[in-house]
Amino acid sequence: MCFIDQRYARGLTEGAMLGYVFDGEIEKARDSIAASIAANPKKLRCAAPFCLVPSRIETGHTSVGETSHSIPQGLFTIYHLFVAV
């Protein structure tokens, strides 16, 4: 919510969330985050496609997803990076 409320990345169009996955189960963590986003699209001001999707940027890693959100300044993209530790 800090990105959505503009407490983080004010004036920017993109931000990133880094998730440390301590049990190494990245897909399980991604599914949990995706379910939370899908359950709260209005609160999160989600824009189409209203869910966590694989990132459009080329990272070489499949553990990067993204969501789009409508904030007063326009569309804001959050990149969700999952790292097994």
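Everything quoted here is computed from the prediction, not taken from an experiment.
To the nearest 0.5 angstrom, Ser36 atom OG is 7.0 Å from Leu44 atom CG. Between the OH atom in Tyr20 and the CD1 atom in Ile26 there is a gap of 12.5 Å [rounded to 0.5 Å]. Considering CG of Leu52 and CZ of Arg30, their distance stands at 6.5 Å, rounded to 0.5 Å.
There is no path of hydrophobic side-chain contacts, each under 4.5 Å, that joins Met17 to Phe22. The hydrophobic cluster containing Val21 does not contain Leu18, counting ILVMFWY residues as joined when their side-chain heavy atoms lie under 4.5 angstrom apart, directly or transitively. Residues Val85 and Ile33 do not share a hydrophobic cluster, defined by chaining ILVMFWY side chains whose heavy atoms lie under 4.5 Å apart.
Residue pairs meeting the side chain to side chain donor-acceptor pair (under 3.5 Å) criterion with at least one partner in residues 71-85, sequence neighbours excluded, are Gln6-Gln73, Glu14-Tyr79, Thr67-His80. Screening residues 72-85 for salt bridge (charged side-chain N to carboxylate O under 4.0 Å, His left out) gives no qualifying pairs among residues at least two apart or on separate chains. The side chain to side chain donor-acceptor pair (under 3.5 Å) pairs that include a residue from residues 39-48 number zero, where partners must be two or more places apart or lie in different chains.
Legend: residues meeting side chain to side chain contact (heavy atoms under 4.5 Å, CB included) with Ala47, ordered by chain and number and at least two apart, are Ser68, Ser70, Leu75. Partners of Phe3 under the ring-ring contact (aromatic ring centres under 6.0 Å, His included) rule, at least two apart in sequence or in another chain, are Tyr8, Phe76. Listed by chain and number, the residues in a side chain to side chain contact (heavy atoms under 4.5 Å, CB included) with Val53 are Pro49, Cys51, Glu66 (sequence neighbours excluded).
Looking at Asp23, its side chain does come within 3.5 Å of a backbone N or O of Glu25 through a donor-acceptor pair.
Scanning both residues, Ile37 and Cys46, for their nearest heavy atoms gives CG2-SG, 3.9 Å.
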